[in-house]
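Written out below as structure tokens is the structure these notes cover.
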Amino acid sequence: MKILITGGAGYIGSHIGIELLNNGYDIIIIDNYCNSDRNVIRIMQQIAGKSFLSYDCDLRDKHQMEMVFRENAISAVIHCAGLKCVPESIANPIPYYQNNIGGTLNLLECMKRYGVYKIVFSSSATVYGLNNPVPYKEEMLLSATNPYGWTKIMIEQILKDFTTAEKDMKAAILRYFNPIGAHPSGLIGEKPEGIPNNLMPYLCQAAAGKLPSIKICGTDYRTADGTGVRDYIHVCDLVKGHVKALEKLDFLTGTEIYNLGTGKGSSVLKLITTFETVNGIKLKREISKRRPGDIDESYADVSKADKELGWKTELSLEDMCRDSWNYIKKNYAVSTE
Ligand code: NAD
Ligand code: UDP
């Protein structure tokens, strides 16, 4: 079975690729490398000990996309490609809509034309918005606080409409909570670029001496220790959920949605202290103001994925902190001062 991974050179897509290869699937990757490195393809092949085709292709390029579908007998698509930086999406929304929505529409048209009927889509817990109580359940009402989040809600709706209209088409929407960690080899992981917006990349850059301190954004949240709570999930657990979703698609009709999280929230302080303990590093802390639009708590109800996909997480917060840092240590200059 040949699976097309869009955005397959990215953080999550590259881990999915290795997991699929390890499970006996063939893969093809499409990426335009706007947020990833071409070397990742070679490294993935090295880790998995298998080769595969990759296309330097933008999802919005109709001509090139046609070529990919014409040249390959694709059984299913895992659609990870997209822009994902929240502040950037607020500052410059049009490219976000153009890329995320435009790319998806083009992909779905190709799938229809070439009779590819199965898609797994990378959605996000951000679609639960500001007003739902935790734990988040798949059937809750959706809203977004930024253009990035709206692109996820819109794509989810497009998939529902598309699978309703096209009776053979099936979609599994996976709502990721907070993926962190990296492959245990330390050879692939989340690419650190500029000043990170997300907590774990920020911690890693501070630990690497690239930032003077870590920033705790808000200590007055309605949580046990006052800092924001999120459901961090190891990327290696997350990608196993994709294999389960792919298998499940054969037995589904229409669109199904699954939360992929641990079901457990951890505060900013908990993540920092775990990172320090596991890695034997002490980080300088700075209390900063809340980020606009940030919620107190976000964690998943994972009972649907457990019951219907037979999937649950296995790796701990300690594993996540160790593997995130292992990747940075192995691949980027780290100051020991
Ligand atoms: P990433 O940026 O590392 O990977 C996305 C990949 O898509 C990149 O390699 C990029 O070059 C590629 N890409 C973007 N636009 C493209 C286009 N038009 N054509 C071809 N390739 C294109 O991001 P990631 O963290 O691996 O996230 C993967 C998916 O999961 C995204 O859709 C993201 O929104 C979603 N998601 C990520 C997180 C997270 O915390 N990482 C959380 C929830 C959801
Ligand atoms: N956060 C923080 N310092 C940072 C980045 C984030 O304290 O430098 C906090 C943020 O307020 C939130 C948590 O860490 O409570 C997770 O933020 P992240 O951006 O990683 O995930 P998201 O909020 O998008 O779920």
Side-chain angles (χ1 to χ4, degrees), residues 5-16 29-38 40-41 55-61 64-65 78-87 89 95-96 98-104 106-107 121-128 145-146 148-149 151-152 155 174-180 188-191 193 195-203 205-206 211 213-219 221 223 226-233 235 238-239 242 260-261 265-272 285-299:
I5 309 171
T6 74
Y11 170 45
I12 294 167
S14 57
H15 287 82
I16 293 173
I29 281 179
I30 288 180
D31 207 299
N32 66 357
Y33 305 101
C34 68
N35 196 38
S36 51
D37 192 331
R38 282 178 174 74
V40 168
I41 302 294
Y55 290 85
D56 184 343
C57 166
D58 192 303
L59 281 193
R60 291 163 295 178
D61 183 332
Q64 256 197 305
M65 287 291 286
I78 298 188
H79 179 29
C80 299
L83 300 176
K84 63 164 184 178
C85 176
V86 169
S89 81
Y96 270 71
Q98 271 171 344
N99 192 71
N100 295 3
I101 309 285
T104 302
N106 208 21
L107 172 69
F121 171 59
S122 304
S123 189
S124 164
T126 192
V127 301
Y128 290 110
T145 56
N146 55 71
Y148 166 71
T151 68
K152 293 297 179 196
I155 295 169
L174 304 182
R175 291 186 183 148
Y176 306 163
F177 277 69
N178 290 64
I180 57 173
I188 54 166
E190 188 166 16
K191 188 177 160 219
E193 189 110 317
I195 297 184
N197 185 50
N198 300 112
L199 182 57
M200 181 53 93
Y202 204 100
L203 283 188
Q205 290 218 14
L211 294 166
S213 58
I214 46 171
K215 205 172 54 171
I216 300 170
C217 300
T219 52
Y221 285 102
T223 59
T227 64
V229 164
R230 297 291 183 272
D231 186 345
Y232 298 99
I233 172 171
V235 67
L238 184 88
V239 300
H242 293 69
L260 295 187
S266 303
S267 71
V268 172
L269 287 180
K270 170 83 180 157
L271 190 72
I272 294 170
R285 301 176 186 195
E286 174 201 330
I287 307 292
S288 171
K289 58 181 191 319
R290 288 178 176 217
R291 295 184 314 190
D294 258 2
I295 49 173
D296 301 88
E297 292 190 281
S298 158
Y299 54 90

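Keep in mind that the numbers below use all heavy atoms, side chains included, and drop hydrogens, waters and symmetry copies. Just follow the structure's listing: the first ligand is 1, and inside any ligand the first atom is 1.
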Any idea which of [options] brings a heavy atom closest to [atom]?
| atom | options | value |
| --- | --- | --- |
| atom 2 (O) of ligand 1 | Thr6, Asn35, Ile30 | Asn35 |
| atom 32 (O) of ligand 1 | Arg60, Lys152, His79, Lys84 | Lys152 |
| atom 20 (C) of ligand 1 | Ser124, Cys57, Gly103, Gly7 | Cys57 |

Considering the heavy atoms of [X], write down every atom of ligand 2 situated less than 4.0 Å from one of them.
| X | answer |
| --- | --- |
| Lys215 | 2 (C), 3 (N), 4 (C), 7 (O), 8 (O) |
| Gly228 | 15 (O) |
| Asn178 | 21 (O), 22 (P), 25 (O) |
| Val268 | 7 (O), 9 (C), 13 (C), 14 (O), 15 (O) |

What distance separates [X] [atom1] from [Y] [atom2], expressed to the nearest 0.5 Å?
| X | Y | atom1 | atom2 | answer |
| --- | --- | --- | --- | --- |
| Leu174 | His242 | CG | NE2 | 5.0 Å |
| Thr227 | Leu271 | OG1 | CG | 9.5 Å |
| Tyr96 | Cys85 | OH | SG | 5.0 Å |
| Ser89 | Asn100 | OG | CG | 9.0 Å |
| Leu59 | Leu107 | CG | CG | 6.0 Å |
| Tyr232 | Leu199 | OH | CG | 4.5 Å |

Smallest separation among heavy atoms of Ile16 and Cys80, with atom names: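 Nearest heavy atoms, Ile16 then Cys80: CD1-SG, 3.6 Å.
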
For Glu190 and Tyr11, which heavy atoms make the closest approach, and how far apart are they?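 Taking every non-hydrogen atom into account, N-CD1, 3.3 Å.
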
Around [atom], find the nearest protein heavy atom and jot down its residue, atom name and distance.
| atom | value |
| --- | --- |
| atom 11 (O) of ligand 1 | Asp31 OD1, 2.7 Å |
| atom 42 (C) of ligand 1 | Pro179 CD, 3.8 Å |
| atom 26 (O) of ligand 1 | Ile12 N, 2.8 Å |
| atom 33 (C) of ligand 1 | Tyr148 OH, 3.6 Å |
| atom 5 (C) of ligand 1 | Gly82 O, 3.9 Å |
| atom 31 (C) of ligand 1 | Cys80 O, 3.1 Å |
| atom 6 (C) of ligand 2 | Arg291 NH1, 3.6 Å |
| atom 11 (O) of ligand 2 | Asp294 OD2, 2.6 Å |
| atom 12 (C) of ligand 2 | Arg230 NH2, 3.6 Å |
| atom 22 (C) of ligand 1 | Asn32 OD1, 3.1 Å |
| atom 15 (N) of ligand 1 | Asn99 ND2, 3.1 Å |

If you measure from each non-hydrogen atom of Ala125 to ligand 1, which part falls under 4.0 Å: side chain, backbone, both or neither?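 None of Ala125 does.
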
Side chain or backbone, does [X] bring an N or O within less than 3.5 Å of an N or O on ligand 2?
| X | result |
| --- | --- |
| Leu199 | yes |
| Tyr221 | no |
| Cys217 | yes |
| Tyr202 | no |

Below 4.0 Å from any atom of ligand 2, is there a heavy atom belonging to Tyr232?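 Yes; Tyr232 lies near enough to ligand 2 that a heavy-atom distance drops under 4.0 Å.
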
Please identify which atoms of ligand 1 are closer than 4.0 Å to at least one heavy atom of [X].
| X | result |
| --- | --- |
| Tyr33 | 11 (O) |
| Gly10 | 3 (O), 4 (O), 9 (O), 26 (O) |
| Ser123 | 43 (C), 44 (C) |

Counting only heavy atoms closer than 4.0 Å, does ligand 2 sit against the backbone of [X], its side chain, both, or neither?
| X | answer |
| --- | --- |
| Arg290 | neither |
| Ile216 | backbone |
| Asn197 | backbone |

Under 3.5 Å, N or O to N or O, is Leu59 touching ligand 1 that way?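 Yes: some nitrogen or oxygen of Leu59 is under 3.5 Å from one in ligand 1.
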
For ligand 1, find out whether one of its N or O atoms is nearer than 3.5 Å to an N or O atom of Cys34.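 Looking only at distances, the answer is yes, because the N/O contact criterion of under 3.5 Å is met.
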
Should we count NZ of Lys191 as having more than 12 external heavy atoms under 6.0 Å?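 Check passes, neighbour count above 12.
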
Pairwise side-chain contact, [X] with [Y], heavy-atom cut-off 4.5 Å (strictly under):
| X | Y | value |
| --- | --- | --- |
| Ile30 | Met65 | yes |
| Leu203 | Met200 | yes |
| Ser267 | Tyr221 | no |
| Tyr128 | Ile295 | no |
| Pro196 | Leu211 | yes |
| Leu238 | His15 | no |
| Asn35 | Leu83 | no |
| Ile101 | Ile155 | yes |

Is the backbone of Arg230 close enough, under 3.5 Å, to the side chain of Asn178 for a donor and an acceptor to pair up by distance?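 Not a single qualifying donor-acceptor pair exists.
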
